[in-house]
Each structure stands twice: as structure tokens, then as C-alpha cells.
Amino acid sequence: MTELKTQVLSILGGRLRDILGGLSAEDWRRAEEIRLRRGGPLTLVCGGTDVFVDSGGRECEQGAAYQVTPEDIMRTLQLLSQSSVYALEEELRRGYVTAPGGHRVGLAGRVVLEGGAIRTMKSISGLNVRLARQVTGAADPILPFILQGGGPHHVLLASRPRGGKTTVLRDLVRQLSDGVPRLKCRGRRVVVVDERSEIAACRDGEPQLAVGCRTDVLDACPKAEGIVMALRGLSPDIIATDEIGRPEDAAAIAEVLNAGVKVLATAHADRRSDLFKRPVLKELLAEGTFGRVVFLGQRGSLESVYDGEGRPLFVRCRAWTAAGRG
Amino acid sequence: MTAFIGAACIIFAGARLGAIAADALSRRLRQLGALQSGLEALRTEIRFSATPLPAALARAAVAAGGEIGAMFRAWGRNLGGASALSPAEALAAALLQRPAPLNLKDEDLAPLRDLSGYLGASDQADQERHLQTAVKHLSDRAAEAAALQLRHGKLYRYLGVLAAVAIVIICL
């Protein structure tokens, strides 16, 4: 926790460092995001709920919250960019910056277009610091379902947004890369095609989160191109990537299947029927491409696992409550 | 004998003072040149490598060398770490720290101060424009300093010796 706090405070400028430095250890443990809006209240997001913070670093009502100043935003941006906005042109185009420790800072401001495409962002008015937490062992419940003969199936992890797909995928990558002796799985060469720098959270090409000793990362690389690059140059046993769904992703995955390399991928979907509403995924699932389709519930908890033919291998029992019946 | 030694000391001191004044002019010219070299290196680092400012300033320090190099180094150091100083504040702090003696006038540093207000705050193309403007202003200052050195360099040396001789004559 101290390390996370130090990492996050080191990128906060103005009065924010002093104020948030005064938060209790419990607040830091619960915090998922820090919301900074110019002229708006200093807000923590804890368990999906907004918590306002006053100038003494205490939880308070909205009206008593510390008002984030333009100076706070400007100083934080300076620290994030090392006073070098020109060095973040790609990040400004993408709308976020990865900070040391893998924390993602989303940017809000005026978007500048060129030829219909985003060129940059200026007049930054808001920052959203999403705290990156490595959950070691997040993939433990899934591993027994996806391993067969010491190696993994092709796996699709699905959940609603913020359901913990990336956290579970990261831990899956780490464990498969390092090896899982208790399940008689030796370490595999893994390539992570990390288009949005979320899995390994690279900063200057260096993973900020543990992804295993046999893992190579293609950071900020478009998925389809990255998968082909990995196949050609890095001879992986496994390729992992986040949020597939475009036709070119399916074509690249077909290449991987022909090369005998396993795929770990994620997709947004709450239930199995949601996956079939997306043409590309529907096609991949109909062909039985993914030997295991894993659905996650809240915070990466295992909800259900299906095999390539759609047969359930595991379904979590839900409590039968009055609310549930409704 | 004592009078002779005294006269020699006065003439030596006068000549030395004249030389110091003349050297100050040539050092100013040299430092203006070094400042331009440093900014050109900074422009290259920003334009072609998008190097973050602390590292880019460290490389500009090497290109500039000498007293100006020390100033660039201090500037970059002040920007790095968790200080959250803006480039303008970091430059002001570097000038206050005086890592090496500068022979520049306040107006000579004005283009640098103006530049520091924009440095790092925009995209590469915009940064390049600001750097080019600063280099142009410095080159104007350097041309003026060169003309001044040509006009007054020798004059200060002669003036030092002649003033000392005049003092000796009056004392005798």
C-alpha cells in the first residue's frame, strides 16, 4: 500500500500531494480512482461510489470538498510529462498517460482534430488517475479449467466493463509465463500484445506490473499487427491480448491457430448470448476457436466456464433472494 | 628604487584591470555562442527524439559546455525528480544558484526567460518555433556583443595601461 501511495503521490502536483498524503491507509486501500476536475471537488472513487475529500484529507460532503485548481491540474500534468508535453503526443492522441507503477491517468480537455482524426488534446481540464493494482492469484480459480495436458486451451475471458478481465488476464499471463508447478504446467513463452498499455502497463517500454519471466510485451501495438509481429519474430507459445472484436483481430487469431500458438483474449460481455451479438466473436465461437470461455463477475470473481462447444463446465450458484426473483 | 617598484605595480594593475574589462566582453560573446549551441541541441532533442526536458537539458549542457553548460545542467536538475517546478521556475532557480559565473547581461538572458515560459508546454512543432525565435534573438545579441567587443576590446586594454601611466606621472 505504501508503495502505491508513494507512486501516486509522486505524480500529483500543487496542494494535492499534501491533501491526499493525509488520507488514511484504509482510504488508500479502498480507492480505485482519483478524479481531478478543474474547479470541481476532489473525489475518490471507492467501490464505484464517489467520496469527496476536504483540504485536510478527510472524507466530507460535496460542498466542503477541496476545489481542484487549475494550478493543481497544471502541476500534475507537469509531473506526469516531466514538463515535456511534446513527448506525450501519442498519449494525448490516445487520451491517457501511463504513470510509473502502471497507474493510468485519463485526460479530459479540448480535442484537436486534423483530417477527421485526433491530432492532440489541449486545455486539459480534468485528470482521472486509475490506480493499478496487481492482484496476485487473481487467475487461481480459472487455471484448473483452462489447463489440459500441462498447457492452456485458447481462452476468452469475458465480463462487463470494469469486471476485472485485464487483472485476471495479467495474472494468467504471469502464472503461465513463470509456470504453475502445482498444476504441472511448465513456464511458457508469452507475448502480450498490449494495444492500450493496460496489461503490462509499460512506461518507456518497461512493464510496470509483473507479467512473468518469459513474457515479451509489444506495447501500444495494434492487436492485429502485433499478433502477426509476435508470430514472426518472437516465437511465442502463447499470445495474450485485450478486448478483441474487430474483423482484423479475427483474421490475426486465425493466423495464430494455424501456427499452433495458444491465444488468451478478453471481450466485453455479461453473458454468453452477448458474445453472439458481436459478429466477429460470434464467428470465432461458432467455429469453436476458444476451448474455454470464462465469464467473470464482480472484481474478477469466476462466474462460469464453457468449453468450445458451449457446454458449461462450471456455473456459480446465485443466492435466491427476493431481489433476485424480481 | 621604491618609487620605481610602485610605478611598476600601478602600471601592472592598470593593465590587468583593462584586460579584465576586455575579457569580460569576449567571455560574454563566447557565452552567447554557447547559449545558442545549447538551444540548438535542445531543439534537436525535442524535434527528433522527443526527449523529456530534464534529459534534453542535460544533453544541451554537454553541447554548450563551460559556464553555460553548468547553467543548463542545473536547469535540468531543478526540473527533474518530484519538485514539480515549471521550466520557468527551474530556470530562475538555476540562475539564482549560479553554478558558474556568467558574463551575460540581463537582456542577454531575456530570450531564454521568454522561452522558458513556453518550453515543454506544447507540441513539437510549436516548441521548435519558440526555440528558433530564442536562437534568433540570441544571435542578434551575439552580433551586438561582437561589435562591442571589436570596438571596445582593445580600447579597454590601452585605457588600463594609459590610466596607470597617467597616475604614475601625477604621483611623480
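Please read all numbers here as calculations on a predicted model, not as lab measurements. Throughout, a chain's letter reflects where its sequence line sits, starting with A, and its residues are numbered from 1. Note that these values count all heavy atoms, side chains included, but never hydrogens, waters or copies made by symmetry.
- Contacts with chain A were tallied for B:A56, B:A55, B:S49, B:A50; B:A50 has the most, counting heavy-atom pairs under 4.5 Å.
- Only the side chain of B:E89 comes within less than 4.5 Å of a heavy atom of chain A; its backbone N, CA, C and O stay farther away.
- Proximity to chain A (any heavy atom under 4.5 Å) is restricted, for B:Q127, to the side chain, taken from C-beta onward.
- Not a single donor-acceptor pair under 3.5 Å links the side chain of A:E32 to the backbone N or O of A:R130.
- With respect to chain B, the highest number of heavy-atom pairs below 4.5 Å among A:S83, A:G14, A:S10 belongs to A:S83.
- With chain A as partner, the option from B:A125, B:S122, B:P87 having the largest number of non-hydrogen pairs under 4.5 angstrom is B:S122.
- Annotation for A:R232: atom CZ does not count as buried by contact number, only 12 or fewer foreign heavy atoms lying within 6.0 Å.
- Side chains of A:D27 and A:S24: a donor-acceptor N/O pair is present below 3.5 angstrom, by distance only.
- When the candidates B:D126, B:L85, B:L79, B:L119 are compared by the number of heavy-atom contacts under 4.5 Å with chain A, B:L85 comes out ahead.
- For a residue to count as touching a neighbouring chain, one of its non-hydrogen atoms must lie under 4.5 Å from one of that chain's; by this rule A:Q82 touches chain B with backbone and side chain alike.
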Requested in this report: Begin with the C-alpha distance, continue with both residues' side-chain angles, and end with the deciding distance and a verdict on side-chain hydrogen bond (donor to acceptor under 3.5 Å, both in side chains) for A:D72 and A:T69.
Outcome: CA-CA 5 Å; A:D72 293 329; A:T69 64; 3.0 Å; yes
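- A donor-acceptor contact shorter than 3.5 Å is absent between the side chain of A:R174 and the backbone of A:G212.
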message: With salt bridge (charged side-chain N to carboxylate O under 4.0 Å, His left out) as the criterion, how do A:R94 and A:E198 come out once you've worked through the C-alpha distance, each side chain's angles and the decisive distance to 0.1 Å?
response: CA-CA 13 Å; A:R94 291 188 307 197; A:E198 274 190 324; over 6 Å; no
